[in-house]
Every structure is written in C-alpha cells, then in structure tokens.
Amino acid sequence: MGHSNCFFFFFLPVCLCSSSPMTVRKGKSLAISIQEHMAIDVCPGPIRPIRQISAYFPRLSPTSSFAEPLSPNQAAAPGLLSPGHAGQDGGASGRGGGGSSGLLSPLLPGGAGGGGSLSAMSSMDTSIEIDSCDSDDNTSLGTLEFDLLYERATSSLHCTVLKAKGLKPMDFNGLADPYVKLHLLPGACKANKLKTKTVRNTLNPVWNETLTYCGITEEDMYRKTLRVSVCDEDKLTHNEFIGESRVALRRVKPDQTKHFNICLEHPPPLPSPTAMSTALRGISCYLREWETEQQRSLEERGRLLLCLQYLPPASDGDVTAEPKDKARGGLCVGVKRCAHLAAMDVNGFSDPYVKTYLKPDVHKKSKHKTAVIKKTLNPEFNEEFFYEISFSELATKTLEVTVWDYDLGKSNDFIGGVSLGCHSQGETLQHWIDCLKNKGMKVERWHTLTNELPGSTQQE
C-alpha cells in the first residue's frame, strides 16, 4: 500500500496538467485509468455493485422461519460480498476478504459466519430498533414530556405539557421558538385545537402548562386519538413543523394521571394509490368515498352541556313552589355551555346562540332562544327554559336543541344539534331516561353536536 500511494501522488499532477489525462501523446491508450488505480490501490477490495440497504437489514416476520430464503433475489444472488468470493480476486481482494466483507454481507441461507439463525436474529433486532423511538431519525427531532388526566365527573381531559429536550434547530442561530399544539383525531379542526405559549430561543423549552378539553365522554376516550405537535414560531414567515406524537386516549384510565416521555416523529406519509394495481385502486377509491360519506353524515360540530329536570306537579299545601310549577309540572331545560364549536365566520370564530323545541309542536309555541355570544367557539350561556307539560305527555315528546351562528343581514348558519327522546339512541337516550326516572333531580350530560338532525329542516 505504501508503494502504490507514492505512485498515486507522483502521477496525479501529471494528469491534472495534461489536456487529455486518459491518453498518451503518441495515441497509445493507457492500460487502466486513474479511477481504476484509485479503486484497486486504495480500496480494500475490487469494484463491486452497490446493493440496496434492505439487503443488509431485512424485515423479518416473527412467525417466519430463519432457514427460509429472505427473498428470491437474495436466494439467487451469487454471493458477491461473501468472504469466499472476495478471496479469489488476488492480493487487493485478499486484504479485504477477511472479516470486513463478512460483516457487510447480506443474510443468505447456509452462508458463512456461524449459521443463518444468529445472523437473522440480530438483523431482526436491528429492524425493531430502527422502528422504535431510539433511532437517530427520531431522536434528532427531540423528546417531549407531558401528562394526561381524564376526569370522569366533569368530562374533562387535561394535558399538562411539561418540557422538551434536544429539539431540532429551526432558526439561523441554531435555536428554535417552540410551542405545542393539541388536536383530537378524527375530526381535527380549529375548534378543537389547543396551543401552549411560545418559549423563545431554546432547544430545551419548559412549559408546565395545562390545556383542557371539555365535554369529552367515555366514548371519546375509547375511540379518539390525541395528536401532540411541536412547532417553531416564525413572526415573518409561516410556522415550521418540528415533530409530533399520537396517543390513543384509551391508554388513559379515568381519574388517573398518566405520564408520557416520548420521542417526536415525522408525520405519517399519506397513502399513495399510484403503486397499487387497478383492482386495488378501484377498491380504495370506493372505500374512500364511502368513508367520506359516512363522515359527512356524522360530522361533529362541537359539544353541548345540557341539564334536564322534570318537576312534578306541586301539591296544594306546598307553599314554597313557584306558580309555574303548581298547575301541571313540567320539564326544565338548562343550556349551560358549548365547547369546540365549528367556526362559521371568516375570522375563524362564530356568534353562537341556542334554540330549543319540544316536538311535535302543532301551535309552534315551544321555541326558546338564548342570547348571542359574540366571537367565540366556547360560549357559556347558563340559561334555563321551562315547558309546562304532564309526565304522560312528555313520554311522547322529543326535545330538539340546535346551535346557530348569528349573521347580521343574512340568514343564520346552522352549526349543529342534538335530539333527545324515547326514539333517540346512545347517550341522548340514556340522558332522557335518567331525566324521566329521577323526578325533581337535575341531570347534566355532554352531547355531541352533529350537522344533521332526524326530521329537521335546518333552516332559521
């Protein structure tokens, strides 16, 4: 190697100064080029084709046998990188045909190196390590610590964002201005986005800030996923994405704080139908249209906290009863608040108010309406309405509660609504039954607002 290096340094200036470095003046071609001299004298072995990275780190299924060939290409490969083959290429290949080429050899059945079982097992361990959050690709984005607590009594989900470490630099000074965003999936929109404050010029920010979602039912905890994103704030340009993590809410037990210390990841890639066959592409398009139609028919528009109370008729000797309660009794409907409403105005907010009906309403006298709360997606109303009705009649009625966006000079926009009655389903039916069973008791429950109501025209 020493002699060949000396030859290389003496020959290089001559090649750089000549007009044609690959030929001699008298027309005689050189036997080998300078590139081949460098490859033979400097490299530990002969020029070999570059294999794909998947050949060295195959992804094995836990149920597959290690004795089986990993793929048809690897099974038919002539062992280009095996030690035995490298040793047949003379002195240069003999220097590199020891342990180094054996370490770089792809897994082949029956190959040298102590059996294929140990090599396959170590390769599978490497594959698992790459997929885990300990890989360099994920740790380069940083880590995030936060706590999750679901309070069943208040139907609230609290996320306490603690701190982050080793975030990826996003600014020219080698630092970042990070903040954290929360979204609930599916159905991520501006209404259910929560955001922390921004910590300036640091890669190890500390927030210690609690963000709260209201109106989260146990059904939401079972089927929803919380997306935690870390972004870099830029005042002059758009904010930049650093990394994210997704947590299934069913991992959080009610009334128990769960701590998370996770590595940030890149967002999952969007599925591309271009690589699928024609039949699979047609099936995927059909399923996508069907899923879109289902989501459109059950689109969530926010949450509503409703209080129901049936007041029985007051006896003649009851002096403390109010005059409206003395005749026949009735249903008291309390509209408490809304949370995470859909934005209907161009400013990203709404001007919401609530209407209630007790249907069927032949004389159209059951309409009640709250006040309008300007520019908010989380309004608080705290208003009550009373319907004078007997208990037997109430069993045949349906309470319809709708939320609207007030627009001056044009028709108001329908945000969402919910129907409660004996013909309802799920949480709404349970709320109605609990109200009828517990006379005189206030029953509060959160309800999900949908973009459609059975038999409703959705016109103001």
Go through it in stages, so that I can follow the logic: the residues are Leu358 and Val333, the test is side-chain contact (heavy atoms from CB on, under 4.5 Å), and I'd like the CA-CA distance, side-chain angles, deciding distance and then a yes or no. CA-CA 10 Å; Leu358 197 58; Val333 179; over 6 Å; no

Would you call the rings of His368 and Phe385 parallel, tilted or perpendicular if under 30° counts as parallel and over 60° as perpendicular? parallel

Check for a donor-acceptor pair, side chain of Ser424 on one end and backbone N or O of Ser419 on the other, with a separation under 3.5 Å. yes

Distance-minimising heavy-atom pair for Pro205 and Val199: CB-CB, 3.9 Å

Hey, could you give me the CG/CZ distance between Leu341 and Arg303, rounded to the nearest 0.5 Å? 11.0 Å

Atom CG of Leu194 and atom NE2 of His183: how far apart are they, to the nearest 0.5 Å? 8.5 Å

Non-hydrogen atoms of Leu394 and Tyr310 that approach each other most closely: CD2-CD1, 3.6 Å

Quick one: ring pair (Phe, Tyr, Trp, His ring centres under 6.0 Å) pairs with a partner in residues 425-447, sequence neighbours left out? His431-His447

Inter-residue atom distance Ile262.CD1 - Glu145.CD, 0.5 Å rounding: 10.0 Å

Measure the CG-CG distance between Leu184 and Leu226 for me, rounded to the nearest 0.5 Å. 6.0 Å

Is there side-chain contact between Leu436 and Phe391, with heavy atoms separated by less than 4.5 Å? yes

Of the non-hydrogen atoms in Lys195 and Glu209, which two are nearest, and what is the gap between them? O-OE2, 4.1 Å

So which pairs with a foot in residues 144-182 pass ring pair (Phe, Tyr, Trp, His ring centres under 6.0 Å), sequence neighbours left out? Phe146-Phe260

Quick check: does any side chain N or O of Lys224 sit under 3.5 Å from a backbone N or O of Pro186, one acting as donor and the other as acceptor? yes

Please check: side-chain N/O of Asn347 versus main-chain N/O of Phe349, any donor-acceptor pairing under 3.5 Å? yes

Indicate yes or no: at least one non-hydrogen side-chain atom of Leu167 is less than 4.5 angstrom from one of Leu264. yes

The residue among Asp147, Thr210, Thr212 that forms side-chain hydrogen bond (donor to acceptor under 3.5 Å, both in side chains) with Thr160 is Thr210

With a 4.0 Å cut-off on N to O distance, would you call Arg200 and Glu233 a salt bridge? yes

Side chain proximity check, Asp177 to Asn201, heavy atoms < 4.5 angstrom: yes

Is Asn378 close to Cys214 at the side-chain level, that is, under 4.5 Å between some pair of heavy atoms? no

In sequence, state the C-alpha distance, the side-chain angles, and the governing distance for Cys159 and Tyr213, and then conclude on side-chain contact (heavy atoms from CB on, under 4.5 Å). CA-CA 8 Å; Cys159 178; Tyr213 281 105; over 6 Å; no

Would you name the heavy atoms of Thr376 and Pro352 that are closest together and state the gap between them? O-CD, 3.7 Å

For the CG atom of Asn412 and the CE atom of Met344, what is their distance to the nearest 0.5 Å? 10.5 Å

Under 4.0 Å between a side-chain nitrogen and a carboxylate oxygen: does that hold for Glu444 and Lys442? no

Please check this pair: side chain of Glu244 against backbone of Arg227, looking for a donor-acceptor N/O pair closer than 3.5 Å. no

To the nearest 0.5 Å, tell me how far Leu420 CG sits from Gln430 CD. 11.5 Å

Would you mind reporting whether Pro360 and Lys397 have side-chain heavy atoms less than 4.5 Å apart? yes

Go through the steps for Asp345 and Asp407 under the test side-chain contact (heavy atoms from CB on, under 4.5 Å), then give the verdict. CA-CA 9 Å; Asp345 297 337; Asp407 289 326; 3.5 Å; yes

Is the number of heavy atoms from other residues, nucleotides or ligands within 6.0 Å of NZ (Lys163) greater than 12? no

Less than 4.5 Å apart, side chain to side chain, heavy atoms only: is that true for Arg445 and Asp434? yes

Which heavy-atom pair separates Leu429 from Gly421 by the least distance, and what is that distance? CD1-O, 3.4 Å

I want to check something: taking the side chain as every heavy atom from C-beta on, are Val335 and Leu306 in contact at a cut-off of under 4.5 Å? yes

Intermediate values then yes/no, side-chain contact (heavy atoms from CB on, under 4.5 Å), Ile415 and Ser350: CA-CA 9 Å; Ile415 297 179; Ser350 295; 4.2 Å; yes

Do other residues, nucleotides or ligands put more than 12 heavy atoms under 6.0 Å from Arg250 CZ? no

Run the salt bridge (Lys or Arg N to Asp or Glu O under 4.0 Å) test against Glu218 and tell me which residues pass, sequence neighbours left out. Arg152

Is any side-chain heavy atom of Lys168 closer than 4.5 Å to one of Asp232? no

Minimum heavy-atom separation for Leu141 and Ile242, please, with both atom names. CD2-O, 3.6 Å

Is a donor on one side and an acceptor on the other found under 3.5 Å between the side chain of Asp405 and the backbone of Asp351? yes

